[in-house]
Amino acid sequence: MDYTLAALKIFGSQLAGSTEAPSSEGSSPAQMLFGIRFQRAWMQGVLLSANYNEAGEGRLVLDDGSCVADLFVLPKEAEGRLWQPGMYVMVIGAYIAEQSKDNYPAIKVHKMVDLSDQTDREAMWYMEVAEAYNLFYLPFSVACPPS
């Protein structure tokens, strides 16, 4: 994982427009969206389901208002916290394009935070995604059009 690449603040439905990034020597596999090379996505939404196996690994489903996403949680990310349906969470993790199906992104969770107690969480998230797009993604995509 290349942590020098930004984690895009994004709606899950936008990930369907990503493409495989051209590889260059020494670089790890990545995706391209808005002309930006990325490996991780930053999403927020409501957990619809949470299923754990005996090893403590979890498969959760997140609804971000634009689509649902599959979240894969390793035991160390789930440690000390039982993620349950109905929670509003922030998720940052590796976008797994090859496991994404039918416009449903798949994310391998690196960090998850419960924002259920934050009253303006959803409105603020929509503003953050719009701001990131207008300030960073749109100007970058105009400056670096796809070839």
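Residues take their numbers from the sequence shown, with the count starting at 1.
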Side-chain contact test, heavy atoms from C-beta onward, threshold under 4.5 Å: evaluate it for [X] versus [Y] and give yes or no.
| X | Y | value |
| --- | --- | --- |
| V109 | F72 | no |
| R40 | Y95 | no |
| M90 | M112 | no |
| D70 | R59 | yes |
| Q118 | D120 | no |
| L71 | L47 | yes |

W125 vs W42 aromatic rings, parallel, tilted or perpendicular, using cut-offs 30° and 60°?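 Geometry flag for W42 against W125: parallel rings.
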Would a single hydrophobic cluster contain both [Y] and [X], if residues Ile, Leu, Val, Met, Phe, Trp and Tyr are joined by side-chain heavy-atom contacts under 4.5 Å?
| X | Y | result |
| --- | --- | --- |
| V91 | M124 | no |
| V89 | V73 | yes |
| V129 | F34 | no |

Starting at CG of L15, measure out to CD1 of I10 and round the result to the nearest 0.5 Å.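 Between L15 CG and I10 CD1, I get 4.5 Å after rounding to 0.5 Å.
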### Query
Roughly how far, to the nearest 0.5 Å, is the CG atom of D114 from the CH2 atom of W83?
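Those atoms lie 5.5 Å apart.
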[X] (side chain) donor-acceptor with [Y] (main chain) under 3.5 angstrom:
| X | Y | answer |
| --- | --- | --- |
| Q14 | F11 | yes |
| Y104 | V61 | no |
| Q39 | P29 | yes |
| D64 | G12 | yes |
| S66 | S13 | yes |
| Q31 | T19 | yes |
| R121 | S116 | yes |

Considering non-hydrogen atoms only, spot the tightest contact between [X] and [Y] and give its length.
| X | Y | result |
| --- | --- | --- |
| P22 | R37 | O-NH1, 2.9 Å |
| S49 | P85 | CA-CG, 3.9 Å |
| A7 | I92 | CB-CG2, 4.1 Å |
| A6 | F38 | O-CB, 3.8 Å |
| A30 | L5 | CB-CD1, 4.3 Å |
| L33 | S18 | CD1-N, 3.7 Å |

Evaluate the side-chain contact (heavy atoms from CB on, under 4.5 Å) criterion for residues K108 and L74: first the C-alpha distance (whole Å), next the side-chain angles of each, then the deciding distance (0.1 Å), finally the verdict. CA-CA 8 Å; K108 181 180 174 188; L74 296 175; 3.8 Å; yes
### Task
Decide yes or no on side-chain contact (heavy atoms from CB on, under 4.5 Å) for L115 and Q44, but give the supporting numbers first.
CA-CA 9 Å; L115 300 176; Q44 290 185 191; 3.7 Å; yes
Check step by step if side-chain contact (heavy atoms from CB on, under 4.5 Å) holds for I36 and L8. CA-CA 9 Å; I36 301 169; L8 298 183; 4.1 Å; yes
| Within a reach of under 6.0 Å around CG of N53, are more than 12 heavy atoms found that belong to other residues, nucleotides or ligands? |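 Enclosed: over 12 neighbouring heavy atoms sit under 6.0 Å from CG of N53.
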Take atom CD in Q84; do more than 12 heavy atoms of anything else shown fall under 6.0 Å from it?
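Counting neighbours around CD of Q84, more than 12 heavy atoms of other residues, nucleotides or ligands fall under 6.0 Å, so yes.
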- Checking side-chain contact (heavy atoms from CB on, under 4.5 Å) for the pair L62/L48: CA distance, chi angles, key distance, verdict? CA-CA 6 Å; L62 177 86; L48 299 179; over 6 Å; no
